Amino acid sequence: MIREQLKRRITQAIRDAQAAGELPQFDLPPFTVEHPRQAQLGDYSASVAMQLARAARMPPAQIAQRIAGHLSLDGMATVDDAGAYLNFRLSPQYLSGEVDKILASGDSWGNIDIGAGKTVQVEHGSANPTGPLTVASGRNVVIGDTLANALSAAGFTVQREWYVNDAGNQIRHFGESVYARYAQSLGVDEPFPEDGYKGDYIVEIAKAIIAQAGDKYLKMPRDEARRALGKLGIDSIMDGVRASLARVGIHHDSFFSERSLYESGQFERVLPILRNKGLLVEYDDALWFSEDGSPIRKGETRGEKQEDDSQKPEVRSQKIENGGAGKEAVQVVVIRSPKVVAEPSERPTYFASDIAYVWNKLVDRRFDRAIYVWGEDHQGDVPRLMAVTRALGLDTDRIVLLIYRFITLMRNGQEVRMGKRSGNIITLDDVVDEVGADATRFVLLSRSIDTKIVFDLDLVKKQSDENPVYYVQYAHARICSILRKAAEEIGDKRLEISAGATNTISNLQSPISSYIFSHPSELALIRKLLELEEVVEQVATQLQPHHFATYAQSLATTFSAFYRDCRVLGEAPEVSAARMKLVQAARTTLARTLALMGMSAPERM
RNA sequence: GCCCCAAUGGCGCAGUGGAUAGCGCGUCUGGUUGCGGACCAGAAGGUCGGGAGUUCGAAUCUCUCUUGGGGCACCA
C-alpha cells in the first residue's frame, strides 16, 4: 500500500539523516501518513516533523527539510516540505503505472495482507429459529457478511457462522405452537399455548408435516411429540432462513447448534474451570457466576416495586472501586436454576451457553479472533461475556462484540411497527421483494453501525437521484456502455466486458504501456481507484462496513467528473486506448467495491 | 440510579490527534449539435450540543453537564 511505502521511506530518511548527523538520535515515535484535507496540498502528508520537534530540539520546519533532503522516492512521488509538513504528490508516471497493476490484479484488486492468515470468525444472524428472517435481522447479516468479505480481502482466514438458538424456553414455546397447529389441522381441539407463536407460518409448517408424516405425532406422548415437532419446525424455519439469506447473497460456512454445547458435554467440561477458581456461587437454589467470587447479597432492585423485590438478589450493579481507574460493576449472572423451567439438561440459561460457546470458539476451534454481531438489545450482555471470558483465562482482545443500532421501517410516511410474538413481522424477503436485494444491502450498509437507520421503503423504491444505490450502479453501467461501444468501434470481439474479464484490454494493440496520463480528471480518477486498498483496511480494522458505501459513491462521483472532462472514444488512438484502460480499471474497482458489499454490478440498467 | 451509544449546515450523514470541517438531499442560479441527462457545474448555508482539561495542534482523547436512543429479568 502506498501509505505504507511512504512511511517506510520516511523512516529510512530519518535514519539516514541521523546517520549523517543532521538529526540527533532519538527513538522514532509511531507516526501516520494521511491524506491532506485540501487536495492542492498533495496526495499524502506526514506531520512527523512536528512530533519530533521536542525530541530533536529543533524547529519542525527544519526537521522536515532535513528529512526531505534524505528522502528517496524513486520517481514515485515528489515531496515538498510545506513548513512542518511533508507533502507528497504521486507522480503521473507512478499513477499511470498503477493502472496496469489494477488491471493485472483483476478481481483480486483491493486485497491486502494485514490479516497475515490469522483466523477470524464472524458470527452473524443467529436469530431465534422460531420464525422467518426479519428485516431487523437483515441489518445483522448484511453487516456480518460485509465485514467477513472485508476481512477476507484483508488477508484473514474467515469463517462465517450462524448460532442456532435451538434450546431453551422459546424453543419449547415454539414446539408447543407447532404441536397445537398440527393437532388443530388434524381436527383435534387443541388449545393454543399462551406464550405461543401466532404467525401463520406455524400453520404452514404444521400442514407440511402432516403432508409428510400424517397424524403419527398425535399417537406419541404429548411432550415427546412437542419436542419432535419443534425440531422439525426448526429445520423447516432454518431452510427458509437459508433461502432468504441466499437472496441477498449471504452464505454461512457453519450453523452451530446451541443444543450441541450440552449434548457434546462441552458445557460440563468448561464449568469446572470457573468452579476451581471459586467463581461459582450458590444462592437461592441456583448456580451463579460471580466475577470476583463474592457471595450474592440481597439488595434492593430497580424498576417497579413489587412485593418480593427485596427477595431478589442484586444481579448486576454491585459497584466496586477499581484501583482509581474508574468504576466497574462486578458481573453476577445466573447459570442454572430450577426456576428456569426450560429443560435444564438441554440448556440451563442463555448465559450458560455463552460460557461454553466462547470457550468452543477460542479454545476448541482456536480462532484468533471471534467477532459477534449483536443488536443493541444485547448491549447489556457485553460486560458479562467479557467478564466470563476473562475468568476463563482467555484474552478478551480475542473477542469483539459489535453492537449495531436497529432499523426503523417506514412506509407511506408511517413507521411500520413489528411485533415478534404477535406474528406481525416484516421479513427480509418482503423487503427484497419490494425494493430488490441490491438496494436492501446498500441501505443497510450505508451508515455507521452506531447510527439508527430509517429504512424508507417508498424512497428506496423510487429509482431517483435521491437514491444513491442507483447512482453507484449507474456509473458502472455507463462504464460498460463505453466499453461495449469501444468494442463495436474497434471490432475486437475479444474485448469482453462480462464480469470477471477485466484484463482483456491488453488485447488492443497500442503503445499504451508507455502512456502517461496527465489530465487532472484522469489523475484524480486513478488516485480514487487506488484508495480501495485503504478502504478495505479501514473496514477490516474499524469493523465499520459503511466505508464501502461512502467510497462507492465517491468513486462514482469521481468517475462522472472524468467522464465529463475526458472523452474516451474518438480521441487520438493512443489516448483512446489509454483511457479505455483507465475506464476498465475503474470498472474493476467499482465492481470489486460492489462485490465486497455483496451487491451486483449491472452492465445495463 | 447504573451501564452503552449518539449529538457535525434546513434534513440525512461522512470525517485516521494535524493545515481553510466534507458528502447527499433540499434551496437558488446555470449546463445537451459529442462515449447513457438515472448526469454535471456554481452559489448560499457551520460557535462540530455547553463547559473545562491534555497536546505544538482537538469534531476526534479525558472529565463534566445537557439532550436523545438503548440496556439494566432466575427472558432470549
Side-chain angles (χ1 to χ4, degrees), chain A residues 3 32-38 41 45-47 50-51 53-54 60 82-85 87 127-128 130 165 167-171 283-288 300-303 312-313 315-317 319 327-329 333-342 347-351 353 375-383 403-406 420 446-454 459 463-468 470-471 473-475 477-486 489 534 538 541-542 546-547 549-550 553-554 557 560-561 563-571 576 579-580 583 604-605:
Chain A
R3 202 199 306 251
T32 57
V33 173
E34 59 219 34
H35 297 284
R37 278 210 179 116
Q38 279 76 41
L41 292 172
S45 159
S47 58
M50 270 181 276
Q51 288 174 260
R54 178 170 293 178
Y85 293 94
N87 289 335
N128 275 341
T130 52
N165 304 126
N169 278 323
Q170 296 312 315
I171 294 305
Y283 175 87
D284 194 21
D285 294 330
L287 181 68
W288 299 73
E300 65 286 3
T301 52
R302 303 140 302 279
K312 290 184 179 174
V315 177
R316 281 169 185 276
S317 299
K319 304 292 292 183
K327 295 172 284 185
E328 268 183 28
V333 193
V334 68
I335 293 175
R336 183 155 53 196
S337 165
K339 293 185 188 171
V340 179
V341 285
R347 207 272 247 110
T349 66
Y350 191 83
F351 179 64
S353 303
E376 60 181 332
D377 54 338
H378 282 74
Q379 167 244 110
D381 299 339
V382 173
I403 304 294
Y404 64 91
R405 293 201 53 181
F406 287 144
K420 276 212 132 180
S446 60
R447 306 232 172 97
S448 156
I449 65 170
D450 300 318
T451 302
K452 152 189 99 162
I453 288 179
V454 177
L459 188 73
Q463 306 201 355
S464 73
D465 51 357
E466 291 170 72
N467 192 336
Y470 298 99
Y471 177 74
Q473 292 189 322
Y474 177 74
R478 182 187 254 171
I479 290 172
C480 291
S481 168
I482 295 172
L483 294 173
R484 263 196 308 271
K485 193 142 187 166
E489 284 190 10
E534 293 169 17
Q538 221 176 358
T541 54
Q542 296 177 19
H546 72 276
H547 293 305
T550 309
Q553 281 184 83
S554 158
T557 299
S560 293
Y563 176 83
R564 179 191 71 234
D565 295 337
C566 302
R567 271 197 73 83
V568 176
L569 305 178
E571 297 289 317
S576 269
R579 285 183 178 166
M580 256 188 273
V583 164
R604 300 170 200 266
M605 293 175 70

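Note on naming: letters A, B, ... go to the chains in the order of the sequence lines (proteins, then strands), and numbering restarts at 1 for each one. This structure is a prediction, so every number in the text was calculated from the model and none was measured.
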*Asks:* Between B:G57 and B:G18, how far apart are the two P atoms, rounded to whole Å?
*Replies:* 14 Å

*Asks:* In terms of side-chain heavy atoms of A:Met50, which of B:G36, B:G18, B:C40 is nearest?
*Replies:* B:G18

*Asks:* Using a cut-off of 4.0 Å on non-hydrogen atoms, how would the nucleic acid contact of A:Ala84 be classed: base, sugar-phosphate, or nothing?
*Replies:* nothing

*Asks:* Whole Å only: how far is the CG atom of A:Asn165 from the P atom of B:A76?
*Replies:* 10 Å

*Asks:* Checking base pairs now: Watson-Crick or wobble, both atom distances under 3.5 Å. What partners B:C23?
*Replies:*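 Pair assignment: B:C23 / B:G12.
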
*Asks:* It should be established whether A:Ser47 places a side-chain nitrogen or oxygen under 4.0 Å from OP1 or OP2 of nucleotide B:G18.
*Replies:* no

*Asks:* Should A:Tyr471 and A:Ser560 count as side-chain neighbours, where that means a heavy-atom distance under 4.5 Å?
*Replies:*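 A:Tyr471 vs A:Ser560: side chains touch.
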
*Asks:* Using purine N1 to pyrimidine N3 plus N6-O4 or O6-N4 for Watson-Crick, or N1-O2 and O6-N3 for G-U wobble, each under 3.5 Å, what pairs with B:A6?
*Replies:*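 Its partner is B:U67.
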
*Asks:* Nearest of B:A76, B:U55, B:C35 to any side-chain atom of A:Val568?
*Replies:* B:C35

*Asks:* Side chain of A:Gln170, heavy atoms from C-beta onward: which of B:G18, B:U55, B:C75 has the nearest atom to it?
*Replies:* B:C75

*Asks:* Only pairs with both distances under 3.5 Å count, Watson-Crick or wobble alike; so what is the partner of B:C72 in this structure?
*Replies:*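 Across any shown strand, B:C72 pairs with B:G1.
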
*Asks:* What does B:C35 pair with, Watson-Crick or G-U, if both distances are under 3.5 Å?
*Replies:* none

*Asks:* Taking CZ from A:Arg478 and C1' from B:C35, how many angstroms apart are they, rounded to a whole number?
*Replies:*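 So the two atoms are 9 Å apart, to the nearest Å.
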
*Asks:* Let me know the distance between CG of A:Leu483 and C1' of B:G36, rounded to the nearest Å.
*Replies:*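 Checked: the CG to C1' distance equals 13 Å.
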
*Asks:* Could you measure between the two C1' atoms, the one in B:G12 and the one in B:A6, and give it in whole Å?
*Replies:* 15 Å

*Asks:* Find the distance A:Asp381:CG to B:C75:P and express it as a whole number of Å.
*Replies:* 13 Å

*Asks:* Measure the acute angle between the ring planes of A:Tyr350 and A:His378, then classify it against the limits of 30° and 60° as parallel, tilted or perpendicular.
*Replies:*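 The arrangement is tilted - the two ring planes meet at 30° to 60°.
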
*Asks:* Would you say the side chain of A:Cys480 lies within less than 4.5 Å of the side chain of A:Arg604, judging by non-hydrogen atoms?
*Replies:* no

*Asks:* Less than 4.5 Å apart, any side-chain heavy atom of A:Ile449 and any of A:Ile403?
*Replies:* no

*Asks:* Could you tell me how far apart A:His378 (NE2) and B:A76 (P) are, to the nearest whole angstrom?
*Replies:* 10 Å

*Asks:* State whether the aromatic ring of A:Tyr85 stacks on the base of B:A19, taking stacking to mean ring centres under 5.5 Å apart and ring planes under 30° to each other.
*Replies:*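 By the stated criterion, A:Tyr85 and B:A19 stack.
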
*Asks:* Which value, in whole Å, describes the distance between the P atoms of nucleotides B:G26 and B:A41?
*Replies:*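 My reading of the P atoms in B:G26 and B:A41 gives 15 Å.
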
*Asks:* May I have the distance from A:Arg336 (atom CZ) to B:A73 (atom C1'), rounded to whole angstrom?
*Replies:*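 The distance from CZ of A:Arg336 to C1' of B:A73 comes to 20 Å, rounded to the nearest Å.
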
*Asks:* Can you find a side chain N or O atom of A:Tyr471 that sits less than 4.0 Å from OP1 or OP2 on B:C40?
*Replies:* yes

*Asks:* Rounded to the Å, how far apart are A:Arg604 CZ and B:G36 P?
*Replies:*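 Rounded to the whole Å, the gap is 11 Å.
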
*Asks:* Whether A:Asn169 contacts B:A76 is assessed here as follows: a side-chain N or O lying under 4.0 Å from the phosphate OP1 or OP2. Is that the case?
*Replies:* yes

*Asks:* How far does the C1' atom of B:C28 sit from the matching atom of B:U33, given to the nearest Å?
*Replies:*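 29 Å, rounded to whole Å.
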
*Asks:* Please work out if A:Arg567 contacts a base, only the sugar-phosphate, or nothing of the nucleic acid, heavy-atom cut-off 4.0 Å.
*Replies:*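 Contact class for A:Arg567: base.
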
*Asks:* Would you indicate what A:Gln51 reaches in the nucleic acid, counting non-hydrogen atoms under 4.0 angstrom: base, sugar-phosphate, or nothing?
*Replies:* base

*Asks:* Give the nucleotide from the list B:A19, B:G71, B:G37 with an atom nearest to the side chain of A:Asn87.
*Replies:* B:A19

*Asks:* Between B:G1 and B:A43, how far apart are the two P atoms, rounded to whole Å?
*Replies:*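 Per the computed distance, 49 Å lies between those P atoms.
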
*Asks:* Can you tell me the pairing partner of B:G42 across any strand shown, Watson-Crick or G-U wobble, with both distances under 3.5 angstrom?
*Replies:*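 Pair assignment: B:G42 / B:C28.
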
*Asks:* Between the base of B:G70 and the side chain of A:Gln379, is there a donor and acceptor pair under 3.5 angstrom?
*Replies:* yes

*Asks:* Between B:A7 and B:C48, how many Å separate the two P atoms, rounded to a whole number?
*Replies:*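 That atom pair is separated by 14 Å.
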
*Asks:* Nearest to the side chain of A:Gln38, heavy atoms from C-beta on, is which of B:G71, B:G36, B:U20?
*Replies:* B:U20

*Asks:* Calculate the interatomic distance between A:Tyr563 atom OH and B:C40 atom C1'; express it in whole Å.
*Replies:* 11 Å

*Asks:* What I'd like to find out is whether the side chain of A:Arg336 reaches to under 4.5 Å of the side chain of A:Thr349, using heavy atoms alone.
*Replies:*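 They are not in side-chain contact.
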
*Asks:* Side chain of A:Trp288, backbone of A:Tyr283: donor and acceptor closer than 3.5 Å?
*Replies:* yes

*Asks:* Under 4.5 Å between any side-chain heavy atoms of A:Phe406 and A:Lys452, yes or no?
*Replies:* no

*Asks:* Return whichever of A:Ile482 or A:Pro338 has its heavy-atom-nearest nucleotide of RNA chain B closer to the 5' end.
*Replies:* A:Ile482

*Asks:* Determine whether a donor-acceptor pair (N or O, by modelled atom type, separation under 3.5 Å) exists between the side chain of A:Thr32 and the backbone of A:Glu34.
*Replies:* no

*Asks:* Can you give one letter per nucleotide of nucleotides 6-16 of chain B, 5' to 3': B if a protein heavy atom sits under 4.0 Å from the base, S if only from the sugar-phosphate, - if neither?
*Replies:* S-----SSSSB

*Asks:* For atom C1', what is the distance between B:C40 and B:C23, given to the nearest Å?
*Replies:*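 It works out to 16 Å between them.
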
*Asks:* Go ahead and name the base partner of B:C56; Watson-Crick or wobble counts if both distances stay under 3.5 Å, otherwise write none.
*Replies:*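 Across any shown strand, B:C56 pairs with B:G18.
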
*Asks:* Please assess A:Thr451 against A:Tyr404 for the test side chain to side chain donor-acceptor pair (under 3.5 Å), listing each intermediate value before the final yes or no.
*Replies:* CA-CA 8 Å; A:Thr451 302; A:Tyr404 64 91; over 6 Å; no

*Asks:* Where each residue is assigned the nucleotide of RNA chain B containing its nearest heavy atom, which of A:Arg564 and A:Gln553 is assigned the position nearer the 5′ end?
*Replies:*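 Result: A:Gln553.
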
*Asks:* Between A:Asp284 and A:Lys339, does any side-chain N to carboxylate O distance fall below 4.0 Å?
*Replies:*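 Yes, charged N to carboxylate O under 4.0 Å.
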
*Asks:* Do A:His35 and A:Glu534 have side chains that approach each other closer than 4.5 Å (heavy atoms only, starting at C-beta)?
*Replies:* yes

*Asks:* With rounding to whole Å, what would you report as the distance between B:A21 and B:A58 at their C1' atoms?
*Replies:*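 Here B:A21 and B:A58 have their C1' atoms 12 Å from each other.
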
*Asks:* What does A:Asp565 touch in the nucleic acid at a heavy-atom separation under 4.0 angstrom: a base, only the sugar-phosphate, or nothing?
*Replies:*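 It contacts nothing in the nucleic acid.
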
